[in-house]
Number of protein chains: 2
Amino acid sequence: MVKRTCFEDAQCPIARSLDAIGDGWSLLIIRDALGGRRRFSEFQKSLGTAKNILAARLRALVAHGIFELRPASDGSAYQEYVLTDKGKDLFPVLVALRQWADDYLFEPGEEYTRLVDRKSGKRVRRLELHAQDGRLLRRQDTELVRVP
Amino acid sequence: MVKRTCFEDAQCPIARSLDAIGDGWSLLIIRDALGGRRRFSEFQKSLGTAKNILAARLRALVAHGIFELRPASDGSAYQEYVLTDKGKDLFPVLVALRQWADDYLFEPGEEYTRLVDRKSGKRVRRLELHAQDGRLLRRQDTELVRVP
DNA sequence: GACAGTGGTTTCATTATGAAACCATTTGAG
DNA sequence: CTCAAATGGTTTCATAATGAAACCACTGTC
């Protein structure tokens, strides 16, 4: 069930991330979960996935500790899939993908959703990367070093 | 050749991003390209992908405008795959994935690479999301609004 | 001119994905 | 309480993607 052997013991953090969530549906499920969905049928309706696929993905995400199963909050006998902290912390990944898409994958008038600051209602700024001392860093200002 | 029909006309920016780069190899190729690799054989050696898969992926990435083919910079008759601005701007996505992995997918002493500020050599800070007025925003401080 | 390296393509086997049917349990309506 | 519908899946089967290996044309190297 989703067994990407070549990534599994990869040293690269990006490869590891992709092993956990790099399958095309996972991030959409997590997006929905961050939007408040929690029930199997909610995900299924929202995503339009085949039920077997969704079941397999949710099982894998639970196994990875990104979701956990909990008794339904409305008191019913069913269960809910809720994001763990690990899952919630994928938020920046989703924001990065969203901002990139906004920049390059949408036509000018085509905007569809907007991520806003709840307080002001205004659009958020671009994700920023800073140095320890606070300087704003561009890609070229950074470097990847190996620590053995 | 990689035809994720259910994402193609998706309105959601995240779904669109995943349609372009959400296949598991693409981001690793782009990671390598940001690290300076440009030739087919460099990618192939580094990633260990089957050549047919790599060829298909590179073709798709070129078609998406993430890479472009250019005559080799060393004057040989071969060509190089170089990132366009669109491709380079996936940097924040990679940083987000890396930071998440560092937090959750590595054991304490297991660190492997570190993204540093070139000037100081010190590790970069976490990606930050700010409001227009500069306030640092957490996930809960944001909201997704539909713009029709 | 021989030989290795580059950048692929082709073929075939394996694996993942997806659609549809099915099913046990739960819930809601009457 | 009863029955129908909804929930949360699993199973089966077809199709599509991936991967390994062999092959091949062209390039650079000696």
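The sequence lines fix the lettering, A, B, ..., with proteins before strands; numbering per chain opens at 1. Note that the structure is predicted; figures quoted are calculated from it, not measured.
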Which whole-number value in Å describes the distance from B:Lys45 NZ to C:dG7 P?
10 Å
Please state how far atom CZ in B:Arg59 lies from atom P in C:dT10, giving the value in whole angstrom units.
9 Å
Between A:Gln132 and B:Ser120, is any side-chain donor less than 3.5 angstrom from a side-chain acceptor?
no
Distance-only, no hydrogens or angles: does the B:Ser26 side chain make a donor-acceptor pair with backbone N or O of B:Asp23 under 3.5 Å?
no
Pair A:Thr49, A:Gln44 - check side chain to side chain donor-acceptor pair (under 3.5 Å), show working.
CA-CA 6 Å; A:Thr49 24; A:Gln44 209 244 317; 5.5 Å; no
Students often mix this up, so state it plainly: with edges at 30° and 60°, are the rings of B:Phe67 and B:Tyr81 parallel, tilted or perpendicular?
perpendicular
To the nearest Å, how far apart are A:Arg70 CZ and D:dG8 C1'?
19 Å
Looking across every strand, which nucleic acid part, if any, lies under 4.0 Å from B:Tyr81 by heavy atom: base, sugar-phosphate, or nothing?
sugar-phosphate
Which whole-number value in Å describes the distance from B:Glu42 CD to C:dG8 C1'?
16 Å
Euclidean distance, atom CG of residue A:Asp23 to atom C1' of D:dA17 [Å, nearest integer]:
14 Å
Is the shortest side-chain N/O distance from B:Trp25 to OP1 or OP2 of D:dG19 below 4.0 Å?
yes
Does B:Arg39 have a side-chain nitrogen or oxygen under 4.0 Å from the phosphate oxygens OP1 or OP2 of C:dG7?
yes
d(CG, A:Leu54; P, C:dA16) in whole Å:
18 Å
Can you tell me how far C1' of D:dT10 sits from CG of A:Leu58, to the nearest Å?
14 Å
Under a 4.0 Å threshold between the charged nitrogen and the carboxylate oxygen, would A:Arg16 count as salt-bridged to B:Glu110?
yes
Test side-chain contact (heavy atoms from CB on, under 4.5 Å) applied to B:Ser46 - qualifying residues, sequence neighbours left out
B:Arg31, B:Asp32, B:Arg37
Does D:dG8 have its OP1 or OP2 closer than 4.0 Å to a side-chain nitrogen or oxygen of A:Arg38?
no
Nearest-Å distance, CG (B:Leu47) to C1' (D:dG19)?
14 Å
Quick check for you: among D:dG9, D:dG19, C:dG8, whose closest atom lies nearest to any side-chain atom of B:Ile53?
D:dG19
Under 3.5 Å side-chain donor-acceptor pair for A:Arg146 and B:Thr113:
no
When all nucleic acid strands are considered with a 4.0 Å heavy-atom cut-off, which category describes B:Gln44: base, sugar-phosphate, or nothing?
nothing
Letter per nucleotide, 5' to 3', of nucleotides 20-30 of chain D [B base touched, S only sugar-phosphate touched, - untouched; heavy atoms, 4.0 Å]
B------BS--
